[in-house]
Protein chains: 2
Amino acid sequence: METRVDGRLVRGDQTRRAVLGKAVEIASVDGLEGLSIGRLAKELEISKSGLFAHFGSKEELQLATVRAARRIYVTAVVEPALATAPGFSRVWALSECWLDYSQRRVFPGGCFFAKASHEYGARRGPVRDYLAEVNREWVQLVEQTIGEAISLGELEADPAQLAFELNAYYDSANLASLLHDDDGAIYAQARHSIRARLESAATAGTALPWRSGRSR
Amino acid sequence: METRVDGRLVRGDQTRRAVLGKAVEIASVDGLEGLSIGRLAKELEISKSGLFAHFGSKEELQLATVRAARRIYVTAVVEPALATAPGFSRVWALSECWLDYSQRRVFPGGCFFAKASHEYGARRGPVRDYLAEVNREWVQLVEQTIGEAISLGELEADPAQLAFELNAYYDSANLASLLHDDDGAIYAQARHSIRARLESAATAGTALPWRSGRSR
DNA sequence: AAACTAATAATACGACCGTTCGTATAGTTT
DNA sequence: AAACTATACGAACGGTCGTATTATTAGTTT
């Protein structure tokens with residue numbers, strides 16, 4: 001099965017990819033509103049009008065940027081966590097992957113969605129709606145992961161409640177690390193809280209991933 | 001002792017007050033960057049140049065806006081909480097006051113500082129520095145309040161750790177309520193988490209404020 | 001009443017905003 | 001080779017941005 005490719009479309013795709021890569025970077029630092037078409041074009045050394053033609057409106061560019069960020073997020077956080085077997089250890093992996101994603105600065109401005117959600121939380125329109133949807137998606141994944149651990153008898157908790165708490169720790173660590181030029185102490189603090197919370201919810205027989213094999 | 005007042009200065013003060021009141025409103029929804037001098041002047045029906053003269057630069061306007069927001073925050077959260085006696089009940093009051101402040105939308109866009117801190121977290125400059133300082137101030141207050149409760153033998157915890165966790169619950173509830181047009185369910189969830197966390201840290205004899213006198 | 005000061009206003013500036021338009025170029029199809 | 005299509009470009013549009021300069025008005029002091 002041979003796939004004929006249109007060189008023009010390939011070129012367009014590459015441009016689009018480059019634009020969105022840069023857009024995600026800029027927006028994670030300066031926000032989706034601070035992301036301007038002129039600046040984006042200048043940094044990529046392409047024409048403003050040519051760039052604009054790819055999206056048709058600022059709002060479409062913003063939406064495409066959030067979609068691009070979502071793909072990066074899935075690759076950086078979701079997929080690595082799903083590589084761990086379901087159950088307690090996957091809940092822990094999810095936390096570790098998230099903190100790592102924030103600390104590694106996958107987006108230079110910290111978690112893209114924490115930033116964008118705060119930027120658009122009090123507004124209306126498609127951008128906000130999509131951000132809300134992505135957030136729901138994520139919370140659902142965390143709840144589901146917790147649910148699996150409960151089903152496997154490794155955890156005892158209200159999934160929604162525990163998911164809320166874990167998420168709170170993630171976001172709080174992310175913000176504090178940004179605001180205070182953190183050297184890692186804040187992430188350690190978050191890890192400590194997560195560990196304590198999970199430990200208190202673990203069932204008796206469950207092996208705790210952060211203890212290397214034997215109990216202390 | 002009689003105080004002679006200069007009518008011109010009074011007039012200027014009133015204007016300044018009105019400007020900052022509006023500025024804080026706008027910024028809590030559209031951010032400190034979205035806060036523009038032209039828009040501010042238009043909404044207040046005064047001249048752009050006259051308004052500008054009060055601050056001298058956009059950055060000074062932003063700093064003055066954050067300072068104004070801080071005063072409102074102190075009035076809405078800190079002072080009411082300090083009306084409660086030190087100890088476990090004050091820790092609880094702090095949480096209640098904060099959630100109430102967020103839920104009542106003292107700022108139309110939810111917590112001003114959550115928004116502004118995310119906006120400036122990844123940047124440099126005086127605005128970010130001041131936001132970081134205000135945050136430190138707040139965290140310190142929470143830790144100190146927890147410390148008092150420990151000294152009084154009503155609580156057992158690491159103050160920094162518990163403060164981190166409570167703050168995480170506050171901010172997380174604030175964001176989720178904005179993003180999902182909350183009817184109050186999210187605040188209830190936060191209250192539940194806070195209650196559970198405080199209950200687990202309370203010492204044996206401590207009366208729990210949310211139980212009306214007798215145990216269940 | 002004159003001199004002075006503080007607050008406000010009018011006007012203008014260059015830079016950048018998102019957007020539109022006409023055109024040139026590269027690549028595909030016939 | 002001709003017709004067509006997708007991508008990219010330069011130039012211009014009306015607006016708004018933050019800021020500077022200059023003038024006017026309101027209020028105080030002498």
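Basis for what follows: all heavy atoms, side chains included, without hydrogens, waters or symmetry-related copies.
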Note to self: In this structure, how many angstroms lie between the P atom of C/dT8 and the CD1 atom of B/I37, rounded?
What the structure shows: 15 Å
Checklist line | First of A/K42 and A/G56 reached from the 5' end of DNA chain C, by closest nucleotide | finding: A/K42
Margin query: Are B/Y187 and B/Y170, when compared by the centres of their aromatic rings, separated by less than 6.0 Å?
Written below: no
Next item on the list: Could you tell me whether the side chain of A/S47 has a donor or acceptor atom within less than 3.5 Å of a complementary atom in the base of D/dG10?
Entry: no
Item checked: Spacing between B/F52 atom CZ and D/dT21 atom P, to the nearest angstrom -> 11 Å
Checklist line | Rounded interatomic separation in angstrom, taking CZ from A/R16 and P from D/dA6 | finding: 15 Å
Check: Has the side chain of B/S49 got a donor or acceptor atom sitting under 3.5 Å from an opposite partner on the base of C/dA9?
Finding: yes
Note to self: Taking CZ in B/R17 as the centre, count heavy atoms belonging to other residues, nucleotides or ligands within less than 6.0 Å. Is the count above 12?
What the structure shows: no
Notebook entry, point to check: A/W138 and A/N167: side-chain donor and acceptor closer than 3.5 Å?
Noted result: yes
Note to self: Does B/S36 reach a base, just sugar-phosphate, or nothing at all? Heavy atoms under 4.0 Å.
What the structure shows: sugar-phosphate
Note to self: Mind checking if A/L51 touches a base, just sugar-phosphate, or nothing, with heavy atoms under 4.0 Å?
What the structure shows: nothing
Notebook entry, point to check: C/dT11 C1' sits how many Å from B/K48 NZ, rounded?
Noted result: 11 Å
Item checked: D/dT7 OP1/OP2 closer than 4.0 Å to side-chain N/O of A/T15 -> no
Check: Atom CD of A/E45 and atom C1' of D/dC9: how far apart are they, to the nearest Å?
Finding: 15 Å
Check: How long is the gap from OG on A/S47 to NZ on A/K42, to the nearest 0.5 Å?
Finding: 13.0 Å
Item checked: Nucleotide nearest A/I46 when distance is taken to its side chain, options D/dC9, C/dT8, C/dT28 -> D/dC9
Note to self: Measure CG/B/L44 against P/C/dT8 and give the value in whole Å, please.
What the structure shows: 11 Å
Next item on the list: Please state how far atom CZ in A/R11 lies from atom C1' in D/dC9, giving the value in whole angstrom units.
Entry: 11 Å
Margin query: Can you identify which nucleotide, out of D/dG18, C/dG18, D/dT7, has its nearest atom closest to the B/K58 side chain?
Written below: D/dG18
Next item on the list: Run the ring-centre check on B/Y73 versus B/F112 and record whether the distance is less than 6.0 Å.
Entry: no
Check: Of the candidate nucleotides C/dG18, D/dA6, C/dT8, which contains the atom at the shortest distance from the side chain of B/A53?
Finding: C/dT8
Margin query: Looking at B/H54, I'd like to know whether one of its side-chain N or O atoms comes within less than 4.0 Å of OP1 or OP2 on C/dA6.
Written below: no
Item checked: Nearest-Å distance for atom pair CZ/P, residues B/R17 and C/dA7 -> 14 Å
